[in-house]
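Here's the structure we're looking at; comments come further down.
Just so you know, ligand 1 is whichever comes first in the structure, and atom 1 is the first atom listed for that ligand. Scope of the values below: all heavy atoms of this structure, side chains included, with no hydrogens, waters or symmetry mates.
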Amino acid sequence: MDKVKQYGDDVFILGIESSCDDTAAAVIRNGKLLANIVSNQSIHKAFGGVVPELASRAHQQNIVPAVHQALEKAGITKHDISAVAFTRGPGLMGSLLVGSSFSKAFSLAMGIPLIEVNHMQGHVLAHFIDKEKDKAPQFPFLCLTVSGGHTQIVLVKGHFEMEVIGETIDDAAGEAFDKAAKIMGLPYPGGPLIDKFAKEGDPRAFRFPHPHAEGLNFSFSGLKTAFLYFINDNMRKDEMFVEHRKADICASIQSTIIDILIDKLKKACEQTGIRMVAIAGGVSANSGLRAALTDTSAKLGWDLHIPPFEFCTDNAAMIAIAGYYKYLRGEFATQDITPLARYSINSGT
Ligand code: KG4
Ligand code: ZN
């Protein structure tokens with residue numbers, strides 16, 4: 001697709017995100033957000049986790065209405081769109097296929113360029129939405145990307161030049177939150193609930209181990225096992241233990257996860273000498289993590305960038321902004337592009 005539509009100086013990008021269980025569509029004009037629609041799929045709650053086939057079916061139902069809503073909110077029509085950007089991966093194959101097929105068809109029908117976006121790069125680039133150049137993080141910076149499937153420290157050298165310098169060797173931080181919540185009998189996704197209950201609790205009420213991982217890597221699976229034994233042991237003594245101590249348990253497990261994350265982020269700053277620090281991904285919505293990072297950065301003199309809540313969890317605005325930068329570079333995809341269930345954030349792979 002080599003024909004690039006120009007409307008004066010305005011570039012309108014339609015962003016499509018469908019990697020997991022949220023169907024999202026967004027419109028940005030010249031890097032400024034006009035609409036950001038997210039259709040959450042509540043169907044997975046009953047199953048305690050995302051059921052891939054149900055997610056694909058719900059995406060299929062939600063995608064056209066989500067795009068309609070986004071265009072309406074943006075106050076434009078589909079004819080105004082300059083290019084469509086979609087999440088190529090990583091994610092659930094069935095879910096990705098819905099977004100990528102829609103985007104290919106839209107690009108073909110409207111005669112506009114198609115742009116593929118790496119979901120994790122999108123999370124990082126959310127920091128550039130609505131930002132004047134001097135307010136966005138300056139390159140190079142370190143980004144702690146913490147989501148349901150990823151926990152990485154990323155060295156961000158440019159918009160699309162990213163290098164993972166540390167990552168989890170087992171569970172992701174979001175998974176640690178969700179699994180701890182499941183052990184406590186809380187519904188999926190448990191991360192936001194742990195955050196909510198933790199606000200009323202004492203983070204020093206209970207102590208949990210910090211599993212060891214080499215260098216800048218993370219490990220959370222030992223913590224999950226320790227937490228399971230802790231809950232089971234206490235429930236044997238008092239079957240209402242979780243109910244009675246919910247806030248303290250949530251505050252304690254949350255603060256352990258936060259300590260593990262911040263500990264490695266500090267190491268990464270020491271090793272690289274970089275003090276420009278950002279966070280991204282669903283877990284960056286955690287209020288305890290946001291507060292602890294603000295404290296740490298005040299002590300250590302970091303220039304800290306925390307995204308607004310709406311850009312932390314999965315959204316299409318981050319896909320649209322990544323698409324915008326690719327549009328400016330003329331980096332377009334062709335119709336034979338396929339989604340990737342696994343897709344490294346590192347450039348070129
Ligand atoms: O980035 P995201 O929306 O989807 C993925 O790409 O995985 O991240 C979802 C993860 C889930 O594990 C969810 O429990 C977690 O982010 N999460 C939170 C909070 N909000 C979302 N974890 C802790 N505290 C929160 N407030
Ligand atoms: Zn995500």
Side-chain angles (χ1 to χ4, degrees), residues 15-24 26 36 38-41 44-45 48-50 52 55 59 86-92 95-96 99 117-127 143-152 154 167-168 171-184 186-199 201 203 220 223-224 250-262 279-293 306-319 321-322 340-343 345:
I16 302 290
E17 154 62 32
S18 71
S19 63
C20 189
D21 60 339
D22 295 319
T23 319
N36 191 23
V38 182
S39 275
N40 300 115
Q41 301 179 1
H44 307 286
K45 275 210 167 76
V50 176
H59 281 306
F86 70 98
T87 301
R88 184 182 185 191
L92 302 171
S95 295
L96 293 166
V117 174
N118 176 303
H119 178 86
M120 298 311 291
Q121 289 195 343
H123 271 302
V124 174
L125 295 174
H127 283 282
C143 189
L144 176 69
T145 56
V146 271
S147 70
H150 292 80
T151 299
Q152 302 173 327
V154 182
E167 64 188 326
T168 184
D171 291 349
E175 242 175 316
F177 271 106
D178 295 339
K179 285 180 178 170
K182 196 170 185 177
I183 291 168
M184 292 176 71
L186 299 173
Y188 178 87
L193 287 172
I194 292 198
D195 189 359
K196 181 176 147 211
F197 295 125
K199 290 193 174 104
F220 289 103
L223 176 62
K224 172 188 62 190
C250 287
S252 301
I253 189 72
Q254 175 171 297
S255 89
T256 308
I257 296 171
I258 292 171
D259 284 351
I260 294 170
L261 292 173
I262 294 189
I279 48 169
V283 180
S284 62
N286 184 268
S287 51
L289 177 62
R290 295 163 86 95
L293 273 172
I306 296 183
F309 282 109
E310 60 176 327
F311 304 146
C312 292
T313 45
D314 287 349
N315 65 85
M318 69 188 201
I319 304 305
I321 193 78
L340 298 171
R342 288 170 173 272
Y343 192 7
I345 197 171

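H44 contributes no side-chain N or O that, together with a main-chain N or O of P52, makes up a donor-acceptor pair within less than 3.5 Å. Remark: side-chain polar atoms of D195 are paired, donor with acceptor, to backbone N or O of S287 under 3.5 angstrom. D22 places no side-chain N or O within 3.5 Å of a backbone atom of A24 that could act as its donor or acceptor partner. Between the side chain of R290 and the backbone N or O of P307 there is at least one donor-acceptor pair closer than 3.5 Å. In this structure, the side chain of D178 engages the main chain of G190 through a donor-acceptor pair within 3.5 Å. A side-chain donor-acceptor contact under 3.5 Å links S18 to the backbone of S95. Remark: side-chain polar atoms of Q121 are paired, donor with acceptor, to backbone N or O of I345 under 3.5 angstrom.
In terms of heavy atoms, C312 sits closest to S284 at SG-OG, 3.3 Å. Nearest heavy atom pair, residue G201 against residue P203, reads O-CD, 3.5 Å.
Close N/O approach between S287 and ligand 1 is not found [any backbone or side-chain N/O within under 3.5 Å]. Taking any N or O of H119, backbone or side chain, at least one lies under 3.5 Å from an N or O belonging to ligand 1.
In this structure, atom 15 (C) of ligand 1 lies nearest to the protein heavy atom V283 CG2, 4.0 Å. From the protein, the heavy atom lying nearest to atom 5 (C) of ligand 1 is D314 OD2, 3.5 Å. If you check which protein heavy atom lies closest to atom 20 (N) of ligand 1, you get G282 O, 3.4 Å. For atom 11 (C) of ligand 1, the closest non-hydrogen atom on the protein side is D178 OD2, 3.5 Å. Annotation: atom 24 (N) of ligand 1 to nearest protein heavy atom, N286 ND2, 3.0 Å. For atom 7 (O) of ligand 1, the closest non-hydrogen atom on the protein side is G148 N, 2.8 Å.
Excluding waters, the protein N/O/S atoms found under 2.8 Å from the Zn ion (ligand 2) are H119 NE2, H123 NE2, D314 OD1.
When the heavy-atom distances from atom 22 (N) of ligand 1 to A176, G191, G281, G288 are ranked, the shortest goes to G191.
The closest approach between a heavy atom of K196 and any atom of ligand 1 is not below 4.0 Å. The closest approach between any non-hydrogen atom of Q254 and ligand 1 is not below 4.0 Å. Ligand 1 is approached by G149 to a heavy-atom distance shorter than 4.0 Å.
Interface atoms of ligand 1 facing T313, defined by a heavy-atom separation under 4.0 Å, are 3 (O), 21 (C). Taking every non-hydrogen atom of H123 and a distance limit under 4.0 Å, the qualifying atoms of ligand 1 come out as 1 (O), 6 (O). Close contacts between ligand 1 and D195 involve ligand atoms 24 (N), 25 (C), 26 (N) [criterion: under 4.0 Å to a heavy atom]. Annotation for ligand 1: atoms under 4.0 Å from non-hydrogen atoms of G174 are 12 (O).
Environment of NZ in K196: sparse, with no more than 12 heavy atoms of neighbouring residues, nucleotides or ligands closer than 6.0 Å.
With T87 as the fixed residue, the side-chain contact (heavy atoms from CB on, under 4.5 Å) test singles out one of D314, L96, L340, N118: L96.
Residues forming a ring-ring contact (aromatic ring centres under 6.0 Å, His included) with H123 (at least two apart in sequence, or on another chain): H119.
V146 has its side chain out of reach of N286: every pair of non-hydrogen atoms, C-beta onward, lies at least 4.5 Å apart.
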For the pair S39 and Q41, evaluate side chain to side chain donor-acceptor pair (under 3.5 Å) and give the outcome as yes or no after the intermediate values. CA-CA 7 Å; S39 275; Q41 301 179 1; over 6 Å; no
